[in-house]
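The next block holds one structure in the form of structure tokens; read it before the comments.
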Amino acid sequence: MAAIPPGTRQRCELCQVEIQGLVGGLDQVHFSQGQPSTRSKLWARVCQYLRTDEQKGQCINQDPSLRGELKPGDAYVEPPSVDLSNLGG
């Protein structure tokens, strides 16, 4: 998928996020909730989990050159493990 022209938005028909093209090529992703973010965060939390070629064909965030490298905080953090052995019962 081609880059999004600066000043325009494109909606993904699959997940319904909007990606806004910005000058310099760093697009901004608008999720349904929360602050705008990056294509790499969208990839880490949504796009990488698509299974079928049909789904991947509909996704507007499949081009690695547009999303860039994953950054700390892009993926969900695993919660700490909890030791439940001392609860007794």
Side-chain angles (χ1 to χ4, degrees):
M1 171 106 4
I4 298 170
T8 63
R9 285 188 181 200
Q10 187 173 10
R11 179 182 297 272
C12 179
E13 293 301 319
L14 198 58
C15 70
Q16 298 299 305
V17 301
E18 286 189 351
I19 300 178
Q20 179 179 358
L22 300 177
V23 175
L26 296 175
D27 298 337
Q28 193 171 59
V29 176
H30 298 272
F31 294 98
S32 60
Q33 294 184 12
Q35 296 295 319
S37 195
T38 62
R39 281 180 176 261
S40 62
K41 184 177 253 184
L42 176 61
W43 173 262
R45 296 186 178 199
V46 180
C47 308
Q48 72 170 325
Y49 297 106
L50 300 177
R51 296 289 179 225
T52 67
D53 289 338
E54 181 181 353
Q55 289 173 329
K56 292 175 185 176
Q58 294 175 31
C59 178
I60 63 173
N61 196 35
Q62 290 293 307
D63 186 340
S65 68
L66 295 177
R67 69 176 174 260
E69 296 292 319
L70 292 179
K71 298 172 202 69
D74 282 349
Y76 288 115
V77 178
E78 289 292 322
S81 62
V82 178
D83 181 9
L84 301 175
S85 64
N86 294 329
L87 291 178

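- Distance alone, capped at 3.5 Å, places no donor-acceptor pair between the Q58 side chain and the Q55 backbone.
- Between C47 and C59, the closest heavy-atom pair is SG-SG, 3.7 Å.
- Taking all atoms of both residues into account, the shortest heavy-atom contact from T8 to P5 is OG1-O, 2.6 Å.
- Contact check for H30 versus Q28: side-chain heavy atoms found under the 4.5 Å cut-off.
- The local environment of CD in Q35 is sparse, with at most 12 non-hydrogen atoms from other residues, nucleotides or ligands closer than 6.0 Å.
- Cluster annotation: L50 is not connected to I19 through the hydrophobic network of ILVMFWY side chains, with a link wherever side-chain heavy atoms come within less than 4.5 Å.
- Pairing each heavy atom of D27 with each of G21, the nearest pair is OD1-CA, 3.4 Å.
- A side-chain donor-acceptor contact under 3.5 Å links R39 and N61.
- The shortest distance between side-chain heavy atoms of C15 and V46 falls below 4.5 Å.
- A continuous path of hydrophobic side-chain contacts links V29 to I4 [ILVMFWY only; heavy atoms under 4.5 Å].
- Here the side chains of Q10 and E18 are not in contact, with every heavy-atom distance at 4.5 Å or above.
- Hydrophobic cluster membership is shared by V82 and L87, with clusters built from Ile, Leu, Val, Met, Phe, Trp and Tyr side chains linked at under 4.5 angstrom.
- For the atom pair CD of Q16 and CZ of F31, the computed distance is 13.5 Å after rounding to the nearest 0.5 Å.
- Results of the side-chain hydrogen bond (donor to acceptor under 3.5 Å, both in side chains) test with S40 over K71, E69, R67 single out K71 as the only residue that passes.
- Side-chain N or O atoms of Q48 include none that pairs as donor or acceptor with a backbone N or O of R45 at under 3.5 Å.
- Without hydrogens or angle criteria, R9 side chain to Q20 main chain gives no donor-acceptor distance under 3.5 Å.
- With respect to L42, the side-chain contact (heavy atoms from CB on, under 4.5 Å) criterion is satisfied by exactly one of I60, D74, V17: V17.
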